[in-house]
Amino acid sequence: MPSQLTMMPEPRKSALYDPSCRRCPRLARFLDTVAADHPTYWCKPVPPFGDRAARLVIVGLAPGMHGANASGRPFTGDYAGILLYQTLHDYGFASSAHSRSRDDVLTLDGCRITNAVKCLPPQNKPAPSEIGACNVYLRNELSSLTHSAVVLALGRIAHDAASRALDQPPSKFKFAHGARHSLQNGVILFHSYHCSRYNTNTRRLTPQMFRDVFDAIAVHLAESKAPRQ
């Protein structure tokens, strides 16, 4: 109903995720349409997945139509998740190389995955206002990171959203694959091209390029390892 789309309350200041959020009218309408066509799909905001005390938080763009929007877990059910979860498993962050559903036994250790926008956007292209509206959840999520923790932004939009959530103007740090930036609060921001089907098929991102980023992250986390707070 229209009132559900236009008169939603502001999220709680500490909220990391709201399964009933409908603050963005365009996204809410689109989810309703997709849910009607695919009644078994999740078709709600997709929650973060992984270790609540993670020292590595991976920020993607938004749920994919037949991936996270269907499964209810980030990067699960679509092509992008193949490389991501395989790599996380190889580096000891995931108990399995495959994420099949939100009800499987996969766990993440020291890592959490989230998105800049929690709802499926039409054509996988969220509007700036939608990215901004969802940034409060990302800000709350990243606010608990400890000194020397890592944020890995997958793509420029994720970089911009993560930068704002960390109180940094996106223009301060130029997005570039493999880049690393030290923030004033001690958090380290890493960049990678998104592990999408398009990027991997065109070789814009190869598995080795992705592993190179994780090599750098692993070295940093090993050198800065400290007891979790």
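Computed from a predicted model, the values in this text were never measured in an experiment.
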Next on the checklist: Are the side chains of Leu120 and Met65 in contact, using a 4.5 Å heavy-atom criterion?
Outcome noted: yes
Checklist entry - Angle class for the Tyr41/His38 ring planes (parallel below 30°, perpendicular above 60°, tilted otherwise)? => result parallel
Next on the checklist: Grouping I, L, V, M, F, W and Y whenever their side-chain heavy atoms are under 4.5 Å apart, do Ile131 and Phe173 come out in a common cluster?
Outcome noted: no
Next on the checklist: With heavy-atom distances below 4.5 Å as the criterion, would you say the side chains of Thr76 and Arg102 are in contact?
Outcome noted: no
Item to check | Reported CG-to-OG distance for the pair Asp167 and Ser143, which is rounded to 0.5 angstrom | outcome: 10.0 Å
Next on the checklist: Do Leu27 and Val117 have side chains that approach each other closer than 4.5 Å (heavy atoms only, starting at C-beta)?
Outcome noted: yes
Next on the checklist: I'd like to know if the side chain of Tyr91 reaches the main chain of Arg211, judged simply by a donor and an acceptor atom lying under 3.5 Å from each other, with no hydrogens or angles considered.
Outcome noted: yes
Next on the checklist: Within the 4.5 Å heavy-atom criterion, are Gln168 and Leu183 side-chain neighbours or not?
Outcome noted: yes
Next on the checklist: Using 0.5 Å steps for rounding, measure from the CG atom of Leu16 to the OH atom of Tyr137.
Outcome noted: 10.5 Å
Checklist entry - Given side chains that start at C-beta, do those of Val59 and Leu154 come closer than 4.5 Å, heavy atoms only? => result no
Next on the checklist: With rounding to the nearest 0.5 angstrom, report the CZ to OG1 distance, Arg203 to Thr206.
Outcome noted: 5.5 Å
Checklist entry - Side chains of Val46 and Lys118: closer than 4.5 Å at any heavy-atom pair? => result no
Checklist entry - Is the shortest heavy-atom distance from the side chain of Pro45 to the side chain of Cys119 under 4.5 Å? => result yes
Checklist entry - Would Arg112 and Glu141 pass as an ion pair if we require N to O under 4.0 Å? => result yes
Item to check | Test side chain to side chain contact (heavy atoms under 4.5 Å, CB included) applied to Ala94 - qualifying residues, sequence neighbours left out | outcome: Leu88, His89, Leu106, Leu108
Checklist entry - Would you call Asp78 and Arg197 a salt bridge, taking side-chain N to carboxylate O under 4.0 Å as the test? => result no
Checklist entry - Under the side chain to side chain donor-acceptor pair (under 3.5 Å) test, which residues partner Arg156, sequence neighbours left out? => result Asp160
Checklist entry - Can we say Asp18 and Arg23 salt-bridge, meaning some charged N sits less than 4.0 Å from an Asp/Glu carboxylate O? => result no
Next on the checklist: Ring-plane angle category for His159 and Phe175, please: parallel below 30°, perpendicular beyond 60°, tilted otherwise.
Outcome noted: tilted
Checklist entry - Does Leu221 belong to the same Ile/Leu/Val/Met/Phe/Trp/Tyr cluster as Leu145, with side-chain heavy atoms less than 4.5 Å apart forming each link? => result no
Checklist entry - Between Tyr79 and Asn201, does a side chain to side chain contact (heavy atoms under 4.5 Å, CB included) hold up when you go through it step by step? => result CA-CA 11 Å; Tyr79 188 87; Asn201 282 353; 3.9 Å; yes
Checklist entry - Any side-chain heavy atom of Tyr17 sitting closer than 4.5 Å to one from Asn140? => result no
Next on the checklist: Using modelled atom types and a 3.5 Å cut-off, is there a donor and acceptor pairing between side-chain atoms of Asn69 and backbone atoms of His66?
Outcome noted: no
Next on the checklist: If hydrophobic clusters are built from ILVMFWY residues whose side chains come within less than 4.5 Å, do Met209 and Leu84 share one?
Outcome noted: yes
Checklist entry - What distance do Ser192 atom OG and Leu152 atom CG have between them, rounded to the nearest 0.5 Å? => result 6.0 Å
Item to check | Arg180 NZ/CZ over Phe190 ring centroid, <6.0 Å and within 45° of normal | outcome: no
Checklist outcome for this item: Here the gap from Ser71 atom OG to Arg100 atom CZ, rounded to the nearest 0.5 Å, amounts to 13.0 Å
Item to check | Side-chain donor/acceptor of Asp109 to backbone N/O of Phe93, under 3.5 Å | outcome: no
Item to check | Under the side chain to side chain contact (heavy atoms under 4.5 Å, CB included) test, residues paired with Ser196 that sit two or more places apart | outcome: His194, Tyr198, Asn199
Checklist entry - Can you tell me how far the SG atom of Cys43 sits from the CG atom of Leu31, to the nearest 0.5 Å? => result 6.0 Å
Item to check | Hydrophobic cluster membership, Leu83 vs Phe75, 4.5 Å side-chain cutoff | outcome: yes
Checklist entry - Under 3.5 Å, side chain of Glu130 to main-chain N/O of Ala127, donor-acceptor pair present? => result yes
Next on the checklist: Would you say Arg26 and Ser129 are linked by a side-chain donor-acceptor pair, where the criterion is simply a distance under 3.5 Å?
Outcome noted: no
Checklist entry - Would Val187 end up clustered with Leu56 when hydrophobic side chains under 4.5 Å apart are linked, directly or stepwise? => result no
